[in-house]
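Residue numbering restarts at 1 for every chain, and letters A, B, ... go by the order of the sequence lines.
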There are 2 protein chains.
Amino acid sequence: MMSSRTLTVAAAQLGAIQLATPRSQVINRMLKLLDRAKQSEVRLVVFPELALTTFFPRHIIQDPGEVAKYFEPESAEDPAALLKNDNTRPLFHRARDLGIDISFGYGERWSDKDGKLTDYNTMIYYSAKSNAVLAKYRKVHLPGTKEPVRKPDHAEQLEKMFFAPGDLGFQAFRVPGLVDGTLTARDGDATPQSATEGQGDPILGMLLCNDRRWPEAWRCYGLQGVELVLEGYNTCGYAPQRPGTEKEQEELAVFHHRLSCQAGSYQNACFSIHCAKAGYEDGGLLIASSMIVAPSGRVIAESTTSDDELVVAQINLADCRYYKEGVFNFEKHRRVEHYGRIVEQTGVQEVPLLAGESV
Amino acid sequence: MMSSRTLTVAAAQLGAIQLATPRSQVINRMLKLLDRAKQSEVRLVVFPELALTTFFPRHIIQDPGEVAKYFEPESAEDPAALLKNDNTRPLFHRARDLGIDISFGYGERWSDKDGKLTDYNTMIYYSAKSNAVLAKYRKVHLPGTKEPVRKPDHAEQLEKMFFAPGDLGFQAFRVPGLVDGTLTARDGDATPQSATEGQGDPILGMLLCNDRRWPEAWRCYGLQGVELVLEGYNTCGYAPQRPGTEKEQEELAVFHHRLSCQAGSYQNACFSIHCAKAGYEDGGLLIASSMIVAPSGRVIAESTTSDDELVVAQINLADCRYYKEGVFNFEKHRRVEHYGRIVEQTGVQEVPLLAGESV
């Protein structure tokens, strides 16, 4: 039974992209997945983190000209730069023509008003109906190290070297027209309407890779009533310095990925779409397991390959309500007076020795 | 290979306790489990939430004299009241004699300096070596309703009626002597030592039932360097008003229990022990699945019945380090400047309609 909050969504998993793969070839693969999505009546397609290139933070790249090749230029002066960019324009055109919203990750080289450049690991949401980028997210939780560890076999994780931490926080956003027949303020009704009551435009949020392991990130969206979280990732499945065989490591990495995504969706009563770049990139293994998770925390669709693959599910955003109004009714159950540490300290402050007195 | 941070721990799951079951009979069952623990060289035994009685918040009990029967009296004037209490004294004596630390939940009727009574859903940690209660936790996240919903078949969840929310927050504590051979400040060494570096007394925390679903609770302990979280629960496996058959509901409840415990342990790089009161209590079904979880998030031991059962595992607290120093190195990776909402608002504040402008 179709309700007005039902839509079909997809994760468009990408197989490996090598250092030598030209951007145009990647875009062609993404366009093929969009065409395939149209056949399944998909309204929203999520692509991976850094979808346009290989996961370059595994490499030590120091020549500034070489580094620049992995980024798309943007600036405060030209808000539509990405739409006009030769690399990404074909994607937006196809999405608009097909009437499919898209979300994807890329390296953003941001030029501020004074011309100062800052690089971010970024994800955007493009609405086909509005023909506009509705929201931008810059990755907050950068993993890895700022300096190369120089371990063998492409085991670097240099996001802290290549990117500044995201400065936009976790801003949920509404997507007009993503589901049919919703009542909105634009219909001349001045009464604010609640998405969790099945009215108003859907509320979405974006995360990138490592962010999904951090319950703080999910909760910031949950506190804005998020109904659907979109996440792209490049997650290392094997590193020679870690314990365990390649197979054991990959299984553990997939287990942690699923655990984090399922817990995040359940504990914030939202759907989520998780999209991998997968397979062997220049010798480095990336896990697959792109998936769509329900507010129950259950996986409702999951990739079966490590190649380009469309993972499709029909979801009803109204299913969030059972959990949002029940076990995770934040207003009724949260006790913020006891959560101070979460924002007052960054790292661990261990209990002092000898603190244990009888009570 | 035994290291100095290795110990054997257990969850002492209890089968159902009916409304009519005398306290003495329950204590005898708990003593038997303690004796069994001794045979397995267990150093720490965790019992369920409200271990001494049936899960009475499923019942509408309004007579004050009747309510009082489910609580143990405590007061600021007599810090050792629980040790001397006729109900609980035998437990502490046996634990001391066996050299086993115990942790269990009970209804606490607290009398403050002015004689004002407040009821809490409480859990304590007793050290056999110190012959003292080292720490007390009062449940923060009370589920359910303050008023009866009067739905059929014992489906009430009246913790908000019977208890005040915990006022002690999430205070991690150290347990001297729980593992052998640790260096501590008591050895005359004034240098503060780090538990996560494998020195100093182990750092523990306690949660009760619904708390385990709230990542805020886990994180508050994680930020204190917790190595082992203890949790007791009474979790409803079936309620007639919920969707799904009894079997489907029970499976979903167990899935949510495991998901929350595994995510909490993984994301805070700690071991955890989870102990159920299980089976049919006066017609209400409680899930079992008592278990011990590793910092990897993997379940390393789990109950196989819904009866009295000891779930035992040998754990090495040093295993926390791999995750505490890696993916969950909070100091390196957390970005508290973006977490403000978590403490600044209790309930959901939805994104306003029409907020989505192009960026």
Side-chain angles (χ1 to χ4, degrees), chain A residues 79 132-136 140-141 143 165 169-170 172-176 184-186 192 194-195 200-201 203 213 215-216 219-220 223-225 252 256 259-260 262-263 266-267 296-297 327 330-331 333-336 338-343 345-351 353-356 358-359, chain B residues 79 132-136 140-141 143 165 169-170 172-176 184-186 192 194-195 200-201 203 213 215-216 219-220 223-225 252 256 259-260 262-263 266-267 296-297 327 330-331 333-336 338-343 345-351 353-356 358-359:
Chain A
V133 172
L134 290 190
K136 177 182 279 185
V140 166
H141 297 97
F170 306 99
F173 56 98
R174 294 200 188 247
V175 180
T184 74
R186 284 176 307 288
S194 162
D201 295 318
I203 301 177
R213 305 183 197 278
E216 293 92 338
R219 186 62 99 226
C220 287
L223 284 163
Q224 297 170 78
L252 190 62
H256 288 156
L259 181 60
S260 299
Q262 293 180 271
Y266 168 58
Q267 292 173 338
S296 66
V327 64
F330 293 164
E331 184 64 36
H333 303 309
R334 293 181 80 241
R335 306 296 313 185
V336 296
H338 296 304
Y339 303 159
R341 283 182 185 280
I342 293 169
V343 296
Q345 68 185 76
T346 300
V348 169
Q349 292 177 12
E350 286 194 359
V351 188
L353 286 169
L354 291 176
S358 300
V359 288
Chain B
V133 171
L134 290 190
K136 177 182 280 184
V140 166
H141 298 96
F170 306 99
F173 56 98
R174 293 198 187 249
V175 180
T184 75
R186 284 178 307 288
S194 161
D201 295 318
I203 301 176
R213 304 183 198 277
E216 292 92 338
R219 186 61 101 226
C220 286
L223 284 164
Q224 297 170 80
L252 190 62
H256 288 155
L259 180 60
S260 299
Q262 293 181 271
Y266 168 58
Q267 292 172 338
S296 65
V327 64
F330 293 164
E331 184 65 35
H333 303 310
R334 293 181 80 241
R335 307 295 312 186
V336 296
H338 297 303
Y339 303 161
R341 282 181 186 279
I342 292 169
V343 296
Q345 69 186 74
T346 300
V348 169
Q349 293 177 11
E350 286 194 359
V351 188
L353 285 169
L354 290 178
S358 301
V359 290

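Taking each heavy atom of B:Q224 and A:V348 in turn, the nearest pair found is C-CG1, 3.9 Å.
With hydrogens and angles disregarded, a donor-acceptor distance shorter than 3.5 Å links the side chain of B:R174 to the backbone of A:V351. When atom types are taken as modelled, the side chain of B:R334 and the backbone of A:I342 share a donor-acceptor pair closer than 3.5 angstrom.
Using a 4.5 Å cut-off between heavy atoms, B:Y266 contacts chain A through its side chain alone, with no backbone atom that close. Within the 4.5 angstrom heavy-atom criterion, no atom of B:V175 approaches chain A.
Of all the listed residues (B:P215, B:A172, B:S260), the one sharing the greatest number of non-hydrogen pairs under 4.5 Å with chain A is B:P215. For the set A:F330, A:F170, A:Y339, the count of heavy-atom pairs under 4.5 angstrom toward chain B peaks at A:Y339. Taking chain B as the reference chain and counting heavy-atom pairs below 4.5 Å, the highest number among A:P143, A:G340, A:G169 is found for A:G169. Ranked by non-hydrogen atom pairs under 4.5 Å with chain B, the options A:L252, A:V343, A:L223, A:V336 are led by A:L223. The candidate from B:Q267, B:Q262, B:H338, B:E331 with the greatest count of non-hydrogen atom pairs under 4.5 Å with chain A is B:H338.
The CZ atom of A:R213 sits 10.5 Å away from atom NE2 of B:H333, with the distance rounded to the nearest 0.5 Å.
B:R335 and A:E216 are not joined by a salt bridge, as no carboxylate oxygen comes within less than 4.0 angstrom of a charged side-chain nitrogen.
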